[in-house]
Amino acid sequence: MNNLPVKLYKLSTCSHCKSLKKFLEESKVEFEFIDIDLLEKKERKATMKALRLINPKGTLPTIQIGNQVVVGFKEDEIKEALGK
Amino acid sequence: MDAKTLYENLKPFQESKGYFFNEDKEKVFELLDALLLNMERYGYMACPCRLASEDRDNDKDIICPCVYREPDVAEFGSCYCNLYVSKDWNEKKIPHAYVPERRSPEKSLY
């Protein structure tokens, strides 16, 4: 397994987001995450702007693994990007 | 209202229209709790799998059950959230494919 930076954009209410976070935790992957719905409005706007640069639709969850971006909890694609 | 009451209220009506709750009850109750939370937060039951704009008019298409449920269940056997599914989806007669977002990104105010 490599040590690419992993960043997860999620919603605190979304089941796919929760499943993906759980998957990363169980896979012992180091990652940072942002619950966009819990941010203050200004910060939420800025975060969505950043998210749209890597996922123009701005859908959640979106995960960035190094330079690779996976939209949605697609386990196989995420495992591949993680080198697992 | 709690999630159990919401579940019991919705189930017979939605089933009569051909929409079934995902057989994964843990996931269903997680989503129903999230819907109740969104009701408290925004005053309407915005889809928990989408970022609400806090503007009811703007979000009327994503008030659960969203307007995309019908085409999503028809095409994939499940809504975007995997809350409402078809009988065939629950019985694993069709693959549990990823349901892509059907809502236009322009609808988001963020």
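In what follows, chains carry the letters A, B, and so on, assigned in the order in which the sequence lines appear, proteins first and then strands, with residues in each chain numbered from 1. Remember, predicted model here, so these are calculated numbers, not experimental data.
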Under a 4.5 Å cut-off applied to non-hydrogen side-chain atoms, are Leu51(A) and Tyr110(B) in contact? no
Check whether Lys74(A) gets within reach of chain B through its side chain, its backbone, both or neither, counting any heavy atom under 4.5 Å. side chain
Is there a side-chain contact between His16(A) and Pro48(B), using heavy atoms and a 4.5 Å cut-off? no
Of the backbone (N, CA, C, O) and the side chain (C-beta and beyond), which part of Pro56(A) lies under 4.5 Å from a heavy atom of chain B, both, or neither? backbone
Under the criterion side chain to side chain contact (heavy atoms under 4.5 Å, CB included), I'd like the reasoning laid out for Ser15(A) against Glu26(B): C-alpha separation, chi angles, the key distance, then a yes or no. CA-CA 10 Å; Ser15(A) 56; Glu26(B) 195 185 328; over 6 Å; no
Please examine the side chains of Arg52(A) and Pro105(B), heavy atoms only from C-beta on, and report whether any two atoms are closer than 4.5 Å. yes
So which part of Lys10(A) gets closer than 4.5 Å to some heavy atom of chain B, the side chain, the backbone, both or neither? neither
Euclidean distance, Glu101(B) CD relative to Leu60(A) CG, rounded to 0.5 Å: 9.5 Å
Would you say Leu51(B) and Arg44(A) make side-chain contact, with heavy atoms under 4.5 Å? yes
A quick test of your reading: do over 12 heavy atoms of other residues, nucleotides or ligands sit less than 6.0 Å from CG of Asn67(A)? no
With rounding to the nearest 0.5 Å, note down the distance linking CG in Leu109(B) to CE in Met48(A). 10.5 Å
Given the rule in the side chain to side chain contact (heavy atoms under 4.5 Å, CB included) test, do Ser19(A) and Lys27(B) qualify, once you have shown the distances and angles that lead to the verdict? CA-CA 10 Å; Ser19(A) 302; Lys27(B) 185 169 267 197; 4.1 Å; yes
Is it the backbone or the side chain of Glu106(B) that comes under 4.5 Å from a heavy atom of chain A, or both, or neither? neither
Checking Asn82(B) against chain A: side chain, backbone, both or neither under 4.5 Å from a heavy atom? both
Can you find a heavy atom in the side chain of Thr13(A) that is under 4.5 Å from one in the side chain of Arg41(B)? yes
